[in-house]
Amino acid sequence: MEKEKVSKGTASSSTHLFSELESKMGKHGGHRRQEPGVLGTPSAALRAETEGGRAKAASAPPLAGAAPRPRPTSPASSSSRRHRTAMPGRLLWGLWQRWRRYRYRFVPWIALNLSHNPRTLRYVPEESKDKVISDEDVLGTLLKVFQALFINDFNKQSDILTMLPEPVKSKYQDLLSVQHPRVKLLEYRHHQQNILKPEEVLYKTLGFSIARATSSLMSAGKGVFVTKGLVPKGVVVSMYPGTVYQKYEPIFFQSIGNPFIFRCLDGVLIDGNDKGISKIVYRSCNGRDRLGPLKMSDSTWLTSEIQNPLAIGQYVNNCSNDRPANVCYQEFDVPAVFPIELKQYLPNIAYSYDKQSTLRCVILVALRDIKQGEELFSNYYTIVR
Ligand SMILES: C[S@@+](CC[C@H](N)C(=O)[O-])C[C@H]1O[C@@H](n2cnc3c(N)ncnc32)[C@H](O)[C@@H]1O
């Protein structure tokens, strides 16, 4: 049944990865998907990937080792013969490795393997439109956190604020009034001593903080953990940063070997890779959209000095049978009324500048209470039915 839906491409919700290649195959529908080792299907191949098989595979002898041992000859001819015999083996080994990484993007492979592991799927009733919490709640939480970050950094922000229209300034009148020149230096020193780290601001505002660390899953790289406090069910726990591409925009080169591409229900893609060409593209768009000193989005998630502590959601790993999802993705379009001075904390930017359209963000919502020390797991693969 599920298989049928997937192959027919009926429903899908936000999906991890999927690249141009897949969209060109015209088989998007039906799912939100995944990635190397991420679907958690019980096929031997995938198990190998998720349970450390990848490490074993990496240390396995290359196929070239199976080639007949060359007879001893002169050093020069022996080396060129070795080279000749090793080449096809290496080529096959390279192709096999590429296929192992790629197959999770290959829709028929996914459709065939999906039904083996239904517990790693999340079924979403069509009418719920994949929203676990309301847009108002998402907006309320983001404003609360961003405002706290802004005020925490007020000494730096006040210079920017003076250039903004009166209605914006008036919101911070109380804080601006203490910025009298005579007290400014003293205040500044005092403030510097009291300034909190972004993750501390998050803890004070929402009662928890999150950070990246080595995943509790073998061979899964980094993951995201609750480092302090408790994340209550139904709360925004993280954001998925990255460049936002409309489905007709070019992402082919950015998508090659990129496990950080997230696909939304409507085909919009978010590239959350903090390296390589993806990083260059994001930085370039970020520079383009600045209003003088005022940034319209945050680019610090590309660095080690992250200013929005929520913007690490692209590092959340996929659930498996024994590690069920405790967070889920939800799309959120930033409304036109979003305060201009707080846009600098939004970790997303549109690839093409378009004054009319709203900015797409993706947030992660807690599906249950999540305690300190727990790793966050999402479901890369959602079926809407
Ligand atoms: C969006 S990234 C997540 C961040 C990644 N762990 C890292 O350190 O870069 C997706 C990649 O994480 C790994 N991954 C995610 N979930 C996994 C799982 N359950 N088991 C093994 N690897 C996983 C896969 O390599 C996948 O391509």
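Counting convention: from 1, in listed order, for ligands and their atoms alike. As the structure is a prediction and not an experimental result, all values here were calculated from the model.
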Pair listing, side chain to side chain donor-acceptor pair (under 3.5 Å) test, anchored in residues 197-214, at least two apart =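 For residues 197-214, and leaving out neighbouring residues, the side chain to side chain donor-acceptor pair (under 3.5 Å) pairs sorted by first residue read Ser209-Thr227.
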task = State the atoms of ligand 1, each with its element, that fall below the 4.0 Å cut-off from a heavy-atom position in Pro259.
result =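 Result: 1 (C), 27 (O).
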request  = Taking only heavy atoms of Gly221 into account, list the atoms of ligand 1 that are under 4.0 Å away from them.
outcome  =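 In order of numbering, the contacting atoms are 8 (O).
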request  = Could you tell me how the ring of Phe146 sits relative to the ring of Tyr345: parallel (under 30°), tilted (30 to 60°) or perpendicular (over 60°)?
outcome  =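 Tilted.
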task = Report yes if some N/O of Ala220 lies less than 3.5 Å from some N/O of ligand 1; otherwise report no.
result =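 Checking ligand 1 against Ala220, an N or O pair does fall under 3.5 Å apart.
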ask   = Could an N or O of ligand 1 be found under 3.5 Å from any N or O of Tyr315, whether backbone or side chain?
value =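 No - when backbone and side-chain N and O of Tyr315 are compared with those of ligand 1, no distance drops under 3.5 Å.
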request  = Provide the full list of salt bridge (charged side-chain N to carboxylate O under 4.0 Å, His left out) pairs with a residue in residues 332-354, sequence neighbours left out, each pair given once.
outcome  =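 Residue pairs with at least one partner in residues 332-354: Lys171-Glu341, Asp333-Arg360.
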ask   = So, do Leu161 and Phe154 sit near enough that their side-chain heavy atoms are less than 4.5 Å apart?
value =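 Sidechains of Phe154 and Leu161: in contact.
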Thr243 side chain reached by Tyr282 side chain, heavy atoms, under 4.5 Å =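 The answer is yes; the side chains approach within 4.5 Å.
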task = Check each heavy atom of Gln314 against ligand 1 and say whether those closer than 4.0 Å belong to the side chain, the backbone, both or neither.
result =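 The part of Gln314 near ligand 1 is the backbone, not the side chain.
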key: Region of Asn317 that comes within reach of ligand 1 [heavy atoms, distance under 4.0 Å]   =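 The part of Asn317 near ligand 1 is both the backbone and the side chain.
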